[in-house]
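Below, all heavy atoms of this structure are taken into account, side chains as well, without hydrogens, waters or symmetry copies. Along the sequence shown, residues carry numbers from 1.
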Amino acid sequence: MHRGVGPVFRVVRKMAASGAELQVLVQYLVLRKDLSQAPFSWPAGALVAQACHAATAALHIHRDHPHTAAYLRELGRMRKVVLEAPDETTLKELAETLQQKNIDHLLWLEQPENIPTCIALRPYPKEEVNQHLKKFRLFK
């Protein structure tokens, strides 16, 4: 554990008519499940690496967004949720939906094969994005 990592989750205050409401920031990842199965049969480590690449790239690209800055201030308390997409088509459809809804995300393409493997959203309050992700279950 790094020294100096702050306590508890960094939260962003959202002003509501009734006062300040606290929101926890979450970075969602959607990883292709079919890559772990035949005919692909990628090892678990390779899949974890894809999710790590996507998460890191999304954080870097959106590093100037206030939610990302707040999320990164508490390194020891980051919250990520990894969901599974059954296949490439579903992953691409989700990327298209997120783009249409102006949800900041990154579709990671494994190189040099140019294989779509994972979508990473920048950190968001759960309530802002869960409607687009509710059909996906936790990655197993």
As an exercise, state the distance from [atom1] of [X] to [atom2] of [Y], rounded to the nearest 0.5 Å.
X: Trp42; Y: Leu47; atom1: CH2; atom2: CG; value: 7.0 Å
X: Leu106; Y: His60; atom1: CG; atom2: NE2; value: 11.0 Å
X: Lys80; Y: Leu29; atom1: NZ; atom2: CG; value: 7.0 Å
X: His105; Y: His62; atom1: NE2; atom2: NE2; value: 8.0 Å
X: Thr97; Y: Ile119; atom1: OG1; atom2: CD1; value: 9.0 Å

Let me check something: do [X] and [Y] share a hydrophobic cluster, defined by ILVMFWY side-chain heavy atoms less than 4.5 Å apart, either directly or through other members?
X: Leu31; Y: Val81; answer: no
X: Leu35; Y: Val30; answer: no
X: Leu59; Y: Leu25; answer: yes
X: Leu91; Y: Phe136; answer: yes
X: Phe139; Y: Val48; answer: no

Picking from Val129, Leu72, Thr68, Val26, what satisfies side chain to side chain contact (heavy atoms under 4.5 Å, CB included) with Pro123?
->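 Of Val129, Leu72, Thr68, Val26, side chain to side chain contact (heavy atoms under 4.5 Å, CB included) with Pro123 is met by Thr68 alone.
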
Output every pair passing salt bridge (Lys or Arg N to Asp or Glu O under 4.0 Å) with a member in [range], not counting sequence neighbours, ordered by first then second residue.
range: residues 62-71; result: none
range: residues 131-140; result: Glu84-Arg137
range: residues 92-120; result: Glu88-Lys92, Asp104-Arg122

Decide yes or no on side chain to side chain contact (heavy atoms under 4.5 Å, CB included) for Leu94 and Leu133, but give the supporting numbers first.
-> CA-CA 8 Å; Leu94 174 61; Leu133 303 170; 4.1 Å; yes

What residues, two or more places apart in sequence or in another chain, satisfy side chain to side chain donor-acceptor pair (under 3.5 Å) together with Asn130?
->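 Asn130: no side chain to side chain donor-acceptor pair (under 3.5 Å) contacts found.
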
Under the side chain to side chain donor-acceptor pair (under 3.5 Å) test, residues paired with Ser36 that sit two or more places apart = none

Taking all non-hydrogen atoms of both residues into account, name the closest pair between Glu128 and Ile103 and its distance.
->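 Nearest pair, atom of Glu128 first, then Ile103: O-CD1, 4.3 Å.
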
Between Cys118 and Ala51, what is the shortest heavy-atom contact and its length?
-> SG-CA, 3.9 Å

Can you tell me if Tyr71 uses its side chain to pair, donor with acceptor, with the backbone of Tyr124 under 3.5 Å?
->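 Side chain of Tyr71 to backbone of Tyr124: no pair is present.
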
Are any side-chain N or O atoms of His67 and backbone N or O atoms of His65, one a donor and one an acceptor, separated by less than 3.5 Å?
-> no

Between Leu83 and Leu138, is a side chain to side chain contact (heavy atoms under 4.5 Å, CB included) present by the stated rule, with each step listed?
-> CA-CA 4 Å; Leu83 304 171; Leu138 290 175; 3.9 Å; yes

Asn114: what forms a side chain to side chain contact (heavy atoms under 4.5 Å, CB included) with it, not counting sequence neighbours?
->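 For Asn114 the side chain to side chain contact (heavy atoms under 4.5 Å, CB included) partners, ignoring immediate neighbours, are Leu109, Gln111.
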
